[in-house]
Student: 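Dropping the structure in here first, questions after.
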Amino acid sequence: MRLSRYFLPVLKEDPKEAQIVSHRYMLRAGMIKQQSAGIYSWLPLGLRVLNRIQQIVNEEQIRAGHVPVLMPTLQSADLWRESGRYDAYGPEMLRIKDRHDREMLYGPTNEEMITDMFRAHVSSYKSLPLTLYQIQWKFRDEMRPRFGVMRGREFLMKDGYNFDLTKEDALHAYNRHMVSYLRTYERMGLTAIPMRADSGPIGGEDTHEFLVLAQTGESEVFYDARVTELKLGDRSVDYDNREEVKAVCDEFTTLYARTDETHDEGIFAEVPEEHRRVARGIEVGQIFYFGTKYSEAMGATVVSPEGKQIPVEMGSHGIGVSRLIGAIIEASHDDKGIIWPEGVTPFPVGIVNLKQGDAATDAACDALYKGLAAKGLEALYDDRDERAGAKFATMDLIGLPWRITVGPRGLANGVVEVTSRRTGLSEEMSAEAAIAKIAAIYENI
RNA sequence: CGGAGCGUAGCGCAGCCUGGUAGCGCACCUGCUUCGGGAGCAGGGGGUCGGAGGUUCGAAUCCUCUCGCUCCGACCA
């Protein structure tokens, strides 16, 4: 993408309403525009990141054997009366009436609707296990939206629901989600720690939240420092192998890690003092096992092998897709701007043309741009007629992990400059070598 | 929802107390110079001062109502 033809409205000054760094940088980097309290438009750069995150979430869900669907944002109140949550949910739920005075709501979550979908089409244990998920906009009418997309009212969320015959099967689904989530967050360059949590309005017995450590986090967290060193890495996990999946979950949940809701000073005191940590975290996902709470209330049953009608065992699982962008920025930035992990960056690399209009420099940038494209890498090429300082400042702000700088001085020696946004270190090399280097970096991402 | 604020050019702000021709910086446009870390000079465009009512010869400024937004707290993905 040529910057001269793009829509990237960066701001030089800090918008006054943005208090935390991710909100500030998202506004300054031209990623989002607030439309009303807690409701945002996504501008091209922000949309690219949002799409990248959705892509990773989709890939990991499908890898785990889960099946994508898409449900409407607007739901009928009747469905929610069946589960009893229409009255239980409170003013956080946005209620709407259509022209026929029918009561509707903008879904804050989808347990009822998915259960309705399930009961309409599944009637035998032979169809189980089944996990359906979607990535869809939700609305929760927060009393006080703040921190940009980290706590908006409208937000994009991946919500998944498992249907199983037995509790053991449902707990395997729970574990499978935990592993798939760990992999999902790692691909985004995040360390997200599963922590024992409270079930809140979803209800249920077993639940973990995934927390990204950040000073601006909304939750106080208590953990054993060794938990942050655990990595899934390249290991392949067979999602159908219960023991293997369970072993990974045990590995990641044995060390102490809890939010303030479930924190226990007594148990925490048993963690060796040098490993004990108290910090803050941003919640980027949560998994629940809740058994037959919704299936019983809504008559979602299957015929068992013994020929009996039994309510299905369920759980639900969420990833805060839009809020993840805020969390990633909170975890990865410096005083000049964002530093995107390669996995989620809007563009893999930026090209800075230091002398726009100079025939040799323009031609070199052009060749570089095409060479990268031939490797499947779409560069953001700053071809504006701006001074070097302005171009560097823009690149630093929007945080592309790699920058290739092309100027007459380097071209005279046959080199361009490749700079890492994260380390700030530069290397001079031929344009061909630069293309090869960037291509190698992104080969496995 | 309790408390505290703010709405003046795209963004950040001054002007309001003490009523009298709407300003500054950045951004934008034109020209010249400059050109490897947010350039300099000169010129220029852009506002029903959030909205409605009222007081007054006269309201951005005073009064009433209203809408929107932000911050602290409680609550929450």
Side-chain angles (χ1 to χ4, degrees), chain A residues 9-20 23-24 27-28 30 33-39 89-93 107-110 136-159 192 197-202 207-212 217-219 259-261 281-288 316-327 335-337 352-358 361 382 384-398 403-412 415-417 419 424 426 428:
Chain A
V10 299
L11 305 173
K12 212 160 160 181
E13 289 168 279
D14 283 332
K16 65 170 176 180
E17 72 271 18
Q19 297 300 304
I20 64 168
H23 190 193
R24 224 165 40 227
L27 290 167
R28 283 197 49 204
K33 180 190 183 307
Q34 179 168 326
Q35 300 296 163
S36 43
I39 299 177
Y89 215 92
E92 234 187 24
M93 184 157 74
T109 174
N110 282 60
Q136 176 62 293
W137 293 94
K138 310 285 191 296
F139 195 92
R140 292 185 194 170
D141 198 358
E142 297 287 343
M143 236 179 288
R144 192 184 161 207
R146 59 182 132 174
F147 304 151
V149 300
M150 294 246 290
R151 191 163 165 207
R153 293 194 292 170
E154 189 182 47
F155 57 98
L156 190 61
M157 177 171 154
K158 171 262 165 183
D159 49 324
D198 226 23
S199 63
I202 308 282
T207 178
H208 280 85
E209 286 180 340
F210 291 79
L211 278 292
V212 172
E218 74 272 53
S219 316
T259 64
D260 48 7
E261 295 162 333
I282 300 164
E283 191 194 327
V284 292
Q286 187 161 12
I287 55 179
F288 301 91
S316 72
H317 319 276
I319 293 179
V321 171
S322 48
R323 106 179 319 217
L324 262 169
I325 299 180
D335 58 356
K336 292 184 210 151
V352 170
N353 183 341
L354 287 177
K355 195 165 186 185
Q356 200 67 44
D358 176 84
T361 316
D382 192 344
R384 296 173 303 165
D385 188 17
E386 288 285 345
R387 299 163 61 88
K391 293 191 177 191
F392 289 141
T394 299
M395 281 293 172
D396 288 344
L397 175 63
I398 68 173
R403 184 184 82 204
I404 303 178
T405 309
V406 181
R409 216 160 69 193
L411 286 180
V415 297
V416 297
E417 187 181 79
T419 307
S426 295
E428 293 194 332

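In the text below, chain A, chain B and the rest are named by the order of the sequence lines, each starting its count at 1. Atoms considered below: every heavy atom in the structure, side chains included; atoms not considered: hydrogens, waters and symmetry mates. Owing to the predicted nature of the structure, the values given are computational and were not obtained by experimental measurement.
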Student: Using the P atom as the reference point in each nucleotide, state the distance between C6(B) and G12(B) in Å, no decimals.
Tutor: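 Rounded to whole Å, the distance is 16 Å.
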Student: Distance between the P atoms of C49(B) and G37(B), in whole angstroms?
Tutor: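 About 44 Å, rounded to a whole number of Å.
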Student: For Ala388(A), answer base if it contacts any base atom (sugar-phosphate contacts may also be present), sugar-phosphate if it contacts only those atoms, and nothing otherwise; contact means non-hydrogen atoms under 4.0 Å.
Tutor: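 Touches sugar-phosphate only.
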Student: For Lys138(A) and Asn110(A), indicate whether the former's side chain and the latter's backbone hold a donor-acceptor pair under 3.5 Å.
Tutor: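 No, because the side chain of Lys138(A) does not come within donor-acceptor range (under 3.5 Å) of the backbone of Asn110(A).
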Student: For C75(B), give the paired nucleotide (Watson-Crick: N1-N3 plus N6-O4 or O6-N4; G-U: N1-O2 and O6-N3; both under 3.5 Å), or none.
Tutor: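 Pairing partner: none.
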Student: Categorize Gly320(A) for me: base, sugar-phosphate, or nothing, with a 4.0 angstrom heavy-atom threshold over every strand shown.
Tutor: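 Contact class for Gly320(A): none.
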Student: Quick check: does any side chain N or O of Lys12(A) sit under 3.5 Å from a backbone N or O of Val10(A), one acting as donor and the other as acceptor?
Tutor: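 Such a contact is absent between Lys12(A) side chain and Val10(A) backbone.
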Student: What is the distance from CE of Met143(A) to P of G3(B), rounded to the nearest Å?
Tutor: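 Atom-to-atom, Met143(A) to G3(B), this comes out as 14 Å.
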Student: With rounding to whole Å, what would you report as the distance between C71(B) and C29(B) at their C1' atoms?
Tutor: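 It comes out at 38 Å once rounded to the nearest Å.
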Student: Taking the P atom in each of G10(B) and G50(B), what is the distance between them to the nearest angstrom?
Tutor: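 Per the computed distance, 13 Å lies between those P atoms.
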Student: Drop me the distance from Leu354(A)'s CG to Phe392(A)'s CZ, to the nearest 0.5 angstrom.
Tutor: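 Taking CG in Leu354(A) and CZ in Phe392(A), the distance rounds to 4.5 Å.
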Student: Given A74(B), G12(B), A27(B), which nucleotide is nearest the side-chain atoms of Arg144(A)?
Tutor: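 Closest of the options to the side chain of Arg144(A): A74(B).
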Student: To the side chain of Arg146(A), which of C1(B), G73(B), G38(B) is closest?
Tutor: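 So the nucleotide nearest the side chain must be G73(B).
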Student: Need the pair for C6(B). Rule: Watson-Crick or G-U wobble, both distances under 3.5 Å, any strand; none if unpaired.
Tutor: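 Its partner is G68(B).
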Student: Just compare G37(B), C11(B), C71(B) and give me whichever is closest to any side-chain atom of Gln19(A).
Tutor: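 Of G37(B), C11(B), C71(B), C71(B) is nearest to the side chain of Gln19(A).
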Student: Counting only Watson-Crick or G-U wobble pairs whose two distances fall under 3.5 Å, which nucleotide matches C13(B)?
Tutor: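 Matched C13(B) with G23(B) under the 3.5 Å cut-off.
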Student: Is any side-chain N or O of Arg151(A) under 3.5 Å from a base N or O of C76(B), one able to act as donor and the other as acceptor?
Tutor: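 Flag set: donor-acceptor pair detected.
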Student: Please state how far atom CZ in Arg387(A) lies from atom P in U34(B), giving the value in whole angstrom units.
Tutor: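 So the CZ-P distance, Arg387(A) to U34(B), works out to 11 Å.
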Student: Would you kindly check whether a donor in the side chain of Arg403(A) faces an acceptor in the base of G37(B), or vice versa, at under 3.5 angstrom?
Tutor: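 Yes.
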Student: For G53(B), which nucleotide in any strand shown is its Watson-Crick or wobble partner with both distances under 3.5 Å?
Tutor: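 In the structure as shown, G53(B) has C63(B) as its Watson-Crick or wobble partner.
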Student: Write down the distance separating the C1' atoms in C16(B) and G7(B), rounded off to the nearest Å.
Tutor: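 Those two atoms are separated by 14 Å.
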Student: Taking only the C1' atom of each, what is the distance from G53(B) to C67(B) in whole angstrom?
Tutor: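 Those two atoms are separated by 14 Å.
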Student: Considering every strand and a 4.0 Å limit on heavy-atom distances, what is the contact class for Glu209(A): base, sugar-phosphate, or nothing?
Tutor: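 Answer is nothing: Glu209(A) stays at 4.0 Å or more from every strand.
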Student: Reckon Glu17(A) touches a base, only the sugar-phosphate, or nothing at all at heavy-atom distances under 4.0 Å?
Tutor: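 Sugar-phosphate, backbone atoms only, no base.
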Student: If you only use heavy atoms from C-beta on, which nucleotide in G36(B), G73(B), C6(B) is closest to the side chain of Lys16(A)?
Tutor: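 Nearest to the side chain of Lys16(A) among the choices is C6(B).
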Student: Report yes or no: is there a donor-acceptor pair, N or O only, under 3.5 Å between the side chain of Glu417(A) and the base of G36(B)?
Tutor: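 Present.
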Student: Under 3.5 Å for both donor-acceptor distances, Watson-Crick or wobble: does A42(B) have a partner, and if so which one?
Tutor: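 Across any shown strand, A42(B) pairs with U30(B).
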Student: When the distance from CG of Asp385(A) to P of U30(B) is rounded to whole Å, what number comes out?
Tutor: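 Nearest whole value for this atom pair: 11 Å.
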Student: With a non-hydrogen cut-off below 4.0 angstrom, is Ser36(A) in contact with a base, only sugar-phosphate, or nothing?
Tutor: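 Sugar-phosphate only.
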Student: Within the side chain of Arg153(A), is there an N or O that forms a donor-acceptor pair under 3.5 Å with the backbone of Ile39(A)?
Tutor: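 The answer is no, because no donor-acceptor pair under 3.5 Å joins these two groups.
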Student: Looking at the side chain of Lys12(A), which of A27(B), G36(B), G37(B) is the nearest nucleotide?
Tutor: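 So the side chain of Lys12(A) is nearest to A27(B).
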Student: Is the shortest side-chain N to carboxylate O distance from Glu142(A) to Arg151(A) below 4.0 Å?
Tutor: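 Salt bridge present between Glu142(A) and Arg151(A).
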Student: Can you check the distance between U64(B) and C26(B), where both ends of the measurement are the C1' atom (answer in whole Å)?
Tutor: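 Looking at atom C1' only, U64(B) and C26(B) are 37 Å apart.
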Student: Backbone N or O of Asp14(A) within a donor-acceptor pair of the Arg28(A) side chain at under 3.5 Å?
Tutor: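 Side chain of Arg28(A) to backbone of Asp14(A), a donor-acceptor pair under 3.5 Å: no, none is there.
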Student: Starting at CD of Glu386(A) and ending at P of C28(B), how long is that distance when rounded to a whole Å?
Tutor: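 These atoms are roughly 7 Å apart.
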Student: In the strands shown, is G47(B) matched to any nucleotide by a Watson-Crick or G-U wobble pair with both distances under 3.5 Å, and which?
Tutor: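 In the structure as shown, G47(B) has no Watson-Crick or wobble partner.
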Student: Could you work out which one of A74(B), G38(B), G25(B) sits closest to the side chain of Thr394(A)?
Tutor: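 My answer, after comparing the listed nucleotides, is G38(B).
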Student: How far, in whole Å, is U70(B) from U61(B) if one measures between their P atoms?
Tutor: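 U61(B) and U70(B) have their P atoms separated by 25 Å.
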Student: Reckon Met157(A) touches a base, only the sugar-phosphate, or nothing at all at heavy-atom distances under 4.0 Å?
Tutor: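 Answer is nothing: Met157(A) stays at 4.0 Å or more from every strand.
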